[in-house]
Protein chains: 2
Amino acid sequence: MPARSSPRRRAKRKTYHHGALRETLVTTALELLDAGGRDAVNVREAARRAGVSPGAPFRHFPDREALLAALTRAIGEEFSAFSQQAIDGAGASPLDQFRAMGLAYIRYAIAHPRRFSLLHAETCSDPDALALFTRESETVALIARAQRAGLLRPGPPDAVHLAAQALTYGLARMIVDGHLPREGAEALAESVLDVFGRGIAAGPKRAPL
Amino acid sequence: MPARSSPRRRAKRKTYHHGALRETLVTTALELLDAGGRDAVNVREAARRAGVSPGAPFRHFPDREALLAALTRAIGEEFSAFSQQAIDGAGASPLDQFRAMGLAYIRYAIAHPRRFSLLHAETCSDPDALALFTRESETVALIARAQRAGLLRPGPPDAVHLAAQALTYGLARMIVDGHLPREGAEALAESVLDVFGRGIAAGPKRAPL
DNA sequence: ACCTGAACACCGTTCAAGT
DNA sequence: ACCTGAACACCGTTCAAGT
């Protein structure tokens with residue numbers, strides 16, 4: 001980004017062309033989302049912050065829904081990169097990778113609750129964003145590998161996947177929705193993931209809960 | 001409700017007093033919610049359907065948020081009665097009751113996805129509605145009884161409760177948010193609950209997943 | 001090709017005035 | 001005590017006109 005003279009925002013432009021309005025609107029929408037949730041993502045305000053007239057955004061998005069969809073997609077990509085990083089840093093054991101993915105899910109929800117919310121609320125209308133988010137094929141592959149390695153009990157990988165994802169999703173949602181005390185939520189989540197892990201893990205003896 | 005002459009809605013009233021406006025507004029808000037989700041719950045439209053002027057609702061609710069909170073509370077009570085019924089009909093075994101509660105959760109989410117959504121999104125701002133919804137004390141008691149009866153492995157009941165609730169909540173949410181195919185969702189949910197149940201159940205041998 | 005700015009319909013909310 | 005109806009500020013969206 002090139003350096004500019006002091007007042008970054010609302011500086012009167014000399015041209016009628018913004019240059020990267022679409023991008024800027026998505027960035028601004030993200031600010032509004034983080035500050036006030038989905039309801040606060042407001043086309044007029046986004047235009048104002050971009051230093052542009054109220055009608056301008058509609059040249060790039062047919063309506064507010066479309067702006068929200070673009071925002072959702074950006075967030076989906078961000079999350080995807082974040083969780084990929086967690087998996088890469090988790091070592092070779094599929095069980096560890098599995099756990100790392102669940103934790104990444106929950107950490108993201110704690111760090112960016114409104115993004116997490118939007119991602120899921122809006123996801124029906126943007127299947128691509130959903131695919132980025134659930135990472136279904138990766139997870140099922142992880143489970144199958146863990147089973148072959150004798151780390152998990154045998155059984156249909158997609159059922160295990162669904163159970164694991166529901167558990168993780170539920171935990172994350174509970175944190176986002178305020179059902180869980182905010183502090184210590186991550187530690188709590190870890191222990192719940194472990195309860196589940198011990199439940200599906202193979203092994204000669206059952207540890208107590 | 002007393003019988004009335006034919007045109008139920010928008011009939012011109014002869015008095016300036018509605019009589020039960022508050023109640024009517026909540027009922028109407030529920031219709032709007034079911035038809036179009038949270039965004040469609042609209043004070044002016046509710047007033048219109050109640051046959052009342054745009055300002056009238058504000059004599060009963062300080063603002064739109066308050067109307068939504070009242071709606072949330074009504075839904076919380078409805079759900080509470082629904083799940084109580086499921087538990088009562090489940091027989092004496094705590095494990096069966098436990099399972100019945102989870103299923104009730106999911107059935108409600110399938111039958112009334114927008115109510116379910118609102119209940120959880122709005123729940124932070126109305127702790128009483130939340131208490132009606134999570135039924136925490138009942139569930140923890142159920143788990144403790146199941147452990148005493150030798151049906152569940154020993155362990156802290158509140159951790160098991162949290163895991164179970166997260167799983168159930170996650171499943172319900174996935175259905176509501178459209179992550180799961182709508183048809184067959186209930187059967188799918190049942191099998192996931194069973195996977196979890198076998199994971200935490202006590203028993204001499206482990207069944208395969 | 002991209003943006004302006006006035007316009008329209010609609011919403012949340014307020015408030016003096018009615019009954 | 002409860003409701004009316006006009007008013008205000010604000011939003012999504014459109015569109016002829018500007019550059």
Side-chain angles (χ1 to χ4, degrees), chain A residues 4 8-33 35-72 114 118 121-122 125, chain B residues 4 8-33 35-72 114 118 121-122 125:
Chain A
R4 255 193 297 180
R8 269 190 319 176
R9 196 176 273 174
R10 306 230 194 182
K12 288 287 173 204
R13 309 201 130 268
K14 274 165 190 124
T15 74
Y16 283 100
H17 293 63
H18 182 101
L21 182 53
R22 200 196 136 93
E23 239 177 60
T24 302
L25 287 171
V26 173
T27 305
T28 304
L30 183 61
E31 290 173 23
L32 294 172
L33 176 75
R38 198 198 122 102
D39 288 357
V41 177
N42 174 288
V43 182
R44 276 186 112 106
E45 177 64 20
R48 239 174 266 129
R49 295 200 184 188
V52 109
S53 83
F58 294 92
R59 210 138 278 279
H60 297 272
F61 303 99
D63 55 19
R64 176 174 178 264
E65 283 323 306
L67 174 58
L68 282 168
L71 177 57
T72 302
R114 318 235 212 215
L118 183 76
E122 222 69 12
S125 49
Chain B
R4 254 192 298 181
R8 268 190 318 177
R9 197 177 272 174
R10 305 228 196 186
K12 288 287 173 204
R13 310 200 128 266
K14 274 166 189 123
T15 74
Y16 283 99
H17 294 64
H18 181 102
L21 183 53
R22 200 196 136 93
E23 240 177 58
T24 302
L25 287 170
V26 172
T27 305
T28 305
L30 183 61
E31 290 173 24
L32 293 171
L33 177 75
R38 198 199 123 101
D39 287 358
V41 177
N42 172 286
V43 181
R44 275 186 113 106
E45 177 65 18
R48 239 174 265 130
R49 296 201 183 188
V52 109
S53 82
F58 294 92
R59 211 140 279 279
H60 298 272
F61 303 100
D63 55 19
R64 178 174 177 264
E65 283 322 306
L67 174 58
L68 283 168
L71 177 58
T72 302
R114 319 234 213 214
L118 184 76
E122 222 69 11
S125 49

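Chain identifiers are assigned alphabetically (A, B, ...) following the order of the sequence lines, protein sequences preceding nucleic acid strands; residue numbering begins at 1 within each chain. The shown structure was predicted, so the numbers you read here are calculated from the model rather than taken from an experiment.
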Novice: F58(A) CZ to dC11(D) P: how many Å, rounded?
Specialist: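 After rounding, the reported distance stands at 12 Å.
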Novice: Nearest to the side chain of A56(A), which nucleotide is it out of dT4(D), dT4(C), dT13(D)?
Specialist: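 The closest nucleotide is dT4(C).
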Novice: Checking the side chain of R49(B) only, and the main-chain atoms of T24(B) only, is there a donor and an acceptor separated by less than 3.5 Å?
Specialist: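 Side chain of R49(B) to backbone of T24(B), a donor-acceptor pair under 3.5 Å: no, none is there.
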Novice: Can you figure out which of dC3(C), dG12(C), dC3(D) approaches the side chain of R59(B) most closely?
Specialist: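 In terms of side-chain proximity for R59(B), the closest of dC3(C), dG12(C), dC3(D) is dC3(D).
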Novice: Of all the choices, dT13(C), dC3(C), dT4(D), which nucleotide is nearest to the side chain of H18(A) once you look at every atom?
Specialist: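 So the side chain of H18(A) is nearest to dC3(C).
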Novice: When you match G55(B) and G55(A) each to their closest nucleotide on DNA chain D, which lands nearer the 5' end?
Specialist: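 Its nucleotide being nearer the 5' end, the pick is G55(B).
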Novice: Give the rounded distance in Å between these two atoms: CD of E45(A) and P of dA9(D).
Specialist: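 It works out to 18 Å between those atoms.
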Novice: Out of curiosity, L33(A) CG to N42(A) CG, how far, rounded to the nearest 0.5 Å?
Specialist: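 So the CG of L33(A) and the CG of N42(A) are separated by 12.5 Å.
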Novice: Side-chain N or O of H60(B) versus OP1/OP2 of dC3(D): is the shortest distance under 4.0 Å?
Specialist: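 Looking at the OP1 and OP2 atoms of dC3(D), one of them is under 4.0 Å from a side-chain N or O of H60(B).
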Novice: dA9(D) C1' sits how many Å from R64(B) CZ, rounded?
Specialist: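 Whole-Å distance recorded here is 17 Å.
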Novice: For the pair R114(B) (side chain) and A35(B) (backbone), establish whether a donor and an acceptor sit closer than 3.5 Å, ignoring hydrogens and angles.
Specialist: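 Flag set: sc R114(B) to bb A35(B) pair under 3.5 Å.
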Novice: Let me know the distance between CG of L21(B) and P of dA1(D), rounded to the nearest Å.
Specialist: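 Nearest whole value for this atom pair: 17 Å.
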Novice: Which nucleotide sits closest to the side chain of R44(B): dC3(D), dA7(D), dT4(D)?
Specialist: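 The answer is dA7(D), which lies nearest to the side chain.
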Novice: Between P on dC11(D) and CG on N42(B), what's the gap in Å once rounded to a whole number?
Specialist: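 Those two atoms, CG and P, are 16 Å apart.
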Novice: For the pair made of CZ in R49(A) and P in dC11(D), what is the distance, rounded to whole Å?
Specialist: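 Taking atom P of dC11(D) as the reference, CZ of R49(A) is at 11 Å.
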Novice: Of all heavy-atom pairs between D39(B) and R38(A), which one has the smallest distance, and what is that distance?
Specialist: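 Where D39(B) meets R38(A) most closely, the heavy atoms are OD2-NH2, 2.8 Å.
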Novice: Under a cut-off of 3.5 Å for both distances of each Watson-Crick or G-U pair, what dot-bracket string does DNA chain C give, using [ ] for crossing pairs and | for inter-strand pairs?
Specialist: ||.|||||...|||||.||
Novice: Please report the interatomic distance CZ(R59(A)) to CG(L21(A)), rounded to the nearest 0.5 Å.
Specialist: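 Answer for the CZ-CG pair, R59(A) versus L21(A), is 11.0 Å.
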Novice: What is the distance, rounded to the nearest whole Å, between atom CZ of F61(A) and atom P of dC2(C)?
Specialist: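 Between P of dC2(C) and CZ of F61(A): 13 Å.
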Novice: In whole angstrom, what separates D39(A)'s CG from dC11(D)'s P?
Specialist: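 Whole-Å distance recorded here is 13 Å.
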Novice: Starting at CG of L25(A), measure out to CG of L30(A) and round the result to the nearest 0.5 Å.
Specialist: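 If we round to the nearest 0.5 Å, L25(A):CG and L30(A):CG are 12.5 Å apart.
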Novice: Looking only at the side chain of P54(A) (C-beta and beyond, no hydrogens), which of the listed nucleotides dT13(D), dT4(D), dC3(C) gets closest?
Specialist: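 That would be dT13(D).
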Novice: dC3(C), dT13(C), dT4(D): which one has an atom nearest the side-chain heavy atoms of D63(B)?
Specialist: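 Nearest to the side-chain atoms of D63(B), counting from C-beta on, is dT13(C).
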Novice: Who passes side chain to side chain donor-acceptor pair (under 3.5 Å) against T28(A), sequence neighbours left out?
Specialist: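 In terms of side chain to side chain donor-acceptor pair (under 3.5 Å), with neighbours along the sequence ignored, T28(A) is linked to no residue.
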